[in-house]
Amino acid sequence: MTDDLAPFDFELPRDHIATEPARPRDSATLLHVRSGLAPDPRVIRDLPDLLQEGDLLIANNTAVIRAQLAATRGEAKIGLTLDRILSDGSWHALARNSRKLKPQDILHFGDDPVTATVVENEGDGAASICFSVEGDDFDAFLERVGALALPPYIERPFGPTKQDDSDYRTIFSQYRGAVAAPTAGLHFTPEVLAALDAKGIQRRTLTLHVGAGTFLPVRSTIAEHKMHAEWGEIDAETAAAINETRARGGRIVAVGTTSLRLLESAAREDGTVAPWRGETSIFIKPGYRFKAVDVLMTNFHLPRSTLFMLVCAFSGTETMREAYAYAIANGLRFYSYGDACLLERAP
């Protein structure tokens, strides 16, 4: 592909950006997108009708943490957004007012007894820090002191609300560690899951802890853009289900770009996977050959973003530009709390 960003740019009216989810969740629009066919507007609760018996649906079971922290180093105020936990137990974080941070600096969080020590100032507003507690004590600390790191396009002048605590959590949430929600999963309800089961559609989960850099637009060039690493795991049960589905000719349906990115990171050339655990910084753009995923359910993404490039790679750039033009013309709602589309992979 070329390095031209123009095919991945579009004008989005600000009033198309959702600041609240649809209620109930499964009443959101689901735009069915297939190459060569007009976009077909349905609703989330129609999903079982759009899938086939024997399909395998794979969702991300990560749970969002309260990743936004207000710290001080002496008189200096330092804003932190936790990004991902590192192999040594420290955290990679995005830091505001971080220029003067030095290794061994101690950060305080108001009157809370928990502190953090700077391990390294990486520059460009990033640092690695180590907290004085871990495990359940660290989780309790985040609940006391932290706030949800909602995307900046969800306007909350006074910070995230109590309603956001439940709205920004998927039905699949199980393992804490994500900064941002895997937003396609926000649409699912117990009723939709029951209907999928009744249709004979199998379900499994994987874990990808979504980091703070996932939704950033490409600000340089496509060739120069670096993806932030994110930690993920595919367990033996999910890997076996994928391989069994692939062997009998069934389809793999990824719920969200996070699920798709981890599946493609782990996939062999024949589309099978082994249990997998580690970090991925895979950057999927047009020209990529998909190995693992046949159908993708995902929300509507930012212009010039790596996620819009991903869906263009999956269903074709022209197909996706037409689908997004339809969505804008018909008032569909964009981004984390917005509507969704069900994408068939281009031939």
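What's counted below: heavy atoms across the whole structure, side chains too, no hydrogens, waters or symmetry copies.
Distance alone, capped at 3.5 Å, places no donor-acceptor pair between the D112 side chain and the F109 backbone. Although no hydrogens or angles enter the test, the distance criterion places a donor-acceptor pair under 3.5 Å between the side chain of T170 and the main chain of S173. With E264 contributing its side chain and A292 its backbone, the two residues share a donor-acceptor pair below 3.5 Å. Side chain of Y168 to main chain of L148: no donor-acceptor pair is present (N/O by atom type, distance under 3.5 Å, no hydrogens or angles). No donor-acceptor pair under 3.5 Å is formed between the side chain of D46 and the backbone N or O of R42. Within the 3.5 Å criterion, the main-chain N or O of A327 finds no donor-acceptor partner in the side chain of N330. For S305 (side chain) and H301 (main-chain N/O), no donor-acceptor pair under 3.5 Å exists by modelled atom type. Side-chain atoms of S315 do not come within 3.5 Å of backbone N or O of M320 as any donor-acceptor pair. A donor-acceptor pair is defined here as one N or O able to donate and one able to accept, closer than 3.5 Å; no such pair exists between the side chain of D83 and the backbone of A93. Between the side chain of R261 and the main chain of I282, a donor-acceptor pair closer than 3.5 Å is present.
With sequence neighbours excluded, the residues forming a side-chain hydrogen bond (donor to acceptor under 3.5 Å, both in side chains) with T189 are D26, E191, listed by chain and number. For D137, there are no side-chain hydrogen bond (donor to acceptor under 3.5 Å, both in side chains) partners at least two apart in sequence or on another chain. Partners of T319 under the side-chain hydrogen bond (donor to acceptor under 3.5 Å, both in side chains) rule, at least two apart in sequence or in another chain, do not exist in this structure. The salt bridge (Lys or Arg N to Asp or Glu O under 4.0 Å) test applied to R84 returns E279, not counting sequence neighbours. The ring pair (Phe, Tyr, Trp, His ring centres under 6.0 Å) check on Y326 picks up nothing, with sequence neighbours excluded. In this structure E322 satisfies the side-chain contact (heavy atoms from CB on, under 4.5 Å) test with no other residue, sequence neighbours excluded. Take F300 and apply the ring pair (Phe, Tyr, Trp, His ring centres under 6.0 Å) test, not counting sequence neighbours, and it matches Y324, F334. Judged as a side-chain hydrogen bond (donor to acceptor under 3.5 Å, both in side chains), and not counting sequence neighbours, T81 has no contacts.
Inter-residue side-chain proximity for Q104 and V118 is flagged as unmet; no heavy-atom pair is nearer than 4.5 Å. Using a 4.5 Å cut-off on side-chain heavy atoms (C-beta onward), R289 and K291 make contact. When side chains are defined from C-beta on, I252 counts as touching I58, because their heavy atoms get closer than 4.5 Å. Within the 4.5 Å cutoff, the side chain of R96 has no heavy atoms near those of the I78 side chain. Contact of the L302 side chain with the L307 side chain is not registered, since no non-hydrogen atoms from C-beta on lie closer than 4.5 Å. Between D40 and L31, the closest side-chain pair of non-hydrogen atoms is not below 4.5 Å. Side-chain contact between W231 and L208 is absent, with no heavy-atom pair separated by less than 4.5 Å.
L343 and C341 make their closest contact through CD2-SG, 3.8 Å (heavy atoms, listed as atom of the first residue, atom of the second, distance). Considering every non-hydrogen atom in both S27 and A22, the closest pair reads OG-CB, 3.8 Å. Across every non-hydrogen atom of L263 and A254, the tightest pair is CD1-CB, 4.3 Å. Nearest heavy atom pair, residue L296 against residue T257, reads CD1-N, 4.1 Å.
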For a salt bridge (Lys or Arg N to Asp or Glu O under 4.0 Å) check, start with the C-alpha distance between K162 and D167, then their side-chain angles and the critical distance, and finish with the verdict. CA-CA 9 Å; K162 281 286 187 184; D167 285 344; over 6 Å; no
Would T183 and S336 count as a side-chain hydrogen bond (donor to acceptor under 3.5 Å, both in side chains) here? Give the steps. CA-CA 5 Å; T183 56; S336 298; 4.9 Å; no
Would you please test V293 and R345 for side chain to side chain contact (heavy atoms under 4.5 Å, CB included) and show each step? CA-CA 8 Å; V293 178; R345 195 176 71 194; 5.8 Å; no
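Geometrically, K285 engages F283 in a cation-pi contact defined by less than 6.0 Å to the ring centre and at most 45° from the axis.
Atoms CZ and CG, from R99 and N121 in turn, are 10.5 Å apart once rounded to the nearest 0.5 Å. Separation of atoms CZ (R204) and CG (L56) is listed at 6.5 Å; rounding is to 0.5 Å. Atom CG of L260 sits about 11.5 Å away from atom CG of N60, to the nearest 0.5 Å. The structure places OG1 of T117 at 3.5 Å from CD1 of I106, a figure rounded to the nearest 0.5 Å. Of the inter-residue distances, the one linking D235 atom CG with R277 atom CZ reads 11.0 Å to the nearest 0.5 angstrom. In this structure, the separation between CZ on R25 and OH on Y337 is 8.0 Å, given to the nearest 0.5 Å.
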Contacts table for residues 6-17: side-chain donor-acceptor under 3.5 angstrom, sequence neighbours left out:
residue: R14; atom: NH2; partner: E155; partner atom: OE2; Å: 2.6
residue: H16; atom: NE2; partner: I328; partner atom: O; Å: 2.8

Please list, one pair per line, the donor and acceptor atoms closer than 3.5 Å that link side chains of residues 61-71 to other protein atoms, with sequence neighbours excluded.
residue: N61; atom: OD1; partner: T207; partner atom: OG1; Å: 2.5
residue: N61; atom: ND2; partner: T205; partner atom: OG1; Å: 3.0
residue: T62; atom: OG1; partner: H209; partner atom: ND1; Å: 2.7
residue: R66; atom: NE; partner: E143; partner atom: OE1; Å: 3.3
residue: R66; atom: NH2; partner: D165; partner atom: OD2; Å: 3.2

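Grouping Ile, Leu, Val, Met, Phe, Trp and Tyr residues whose side-chain heavy atoms lie under 4.5 Å apart, directly or via other members, leaves Y175 alone, with no other cluster members. In the hydrophobic clustering, where aliphatic and aromatic side chains (Ile, Leu, Val, Met, Phe, Trp, Tyr) are joined below 4.5 Å either directly or transitively, M297 groups with L30, I44, L47, L50, L51, L57, I171, F172, F188, V192, L193, L196, I201, V253, V255, V295, L342.
Between R251 and E53 there is no salt bridge, since none of the side-chain N atoms of the basic residue sits less than 4.0 Å from a carboxylate O of the acidic one. Between D164 and R169, none of the side-chain N atoms (NZ, or NE/NH1/NH2) sits under 4.0 Å from a carboxylate O, so this pair counts as no salt bridge.
Ring pair Y288/F290 is perpendicular by interplanar angle, where above 60° counts as perpendicular and below 30° as parallel.
In the hydrophobic cluster analysis, where Ile, Leu, Val, Met, Phe, Trp and Tyr join through side-chain heavy atoms closer than 4.5 angstrom, V33 is grouped together with Y335.
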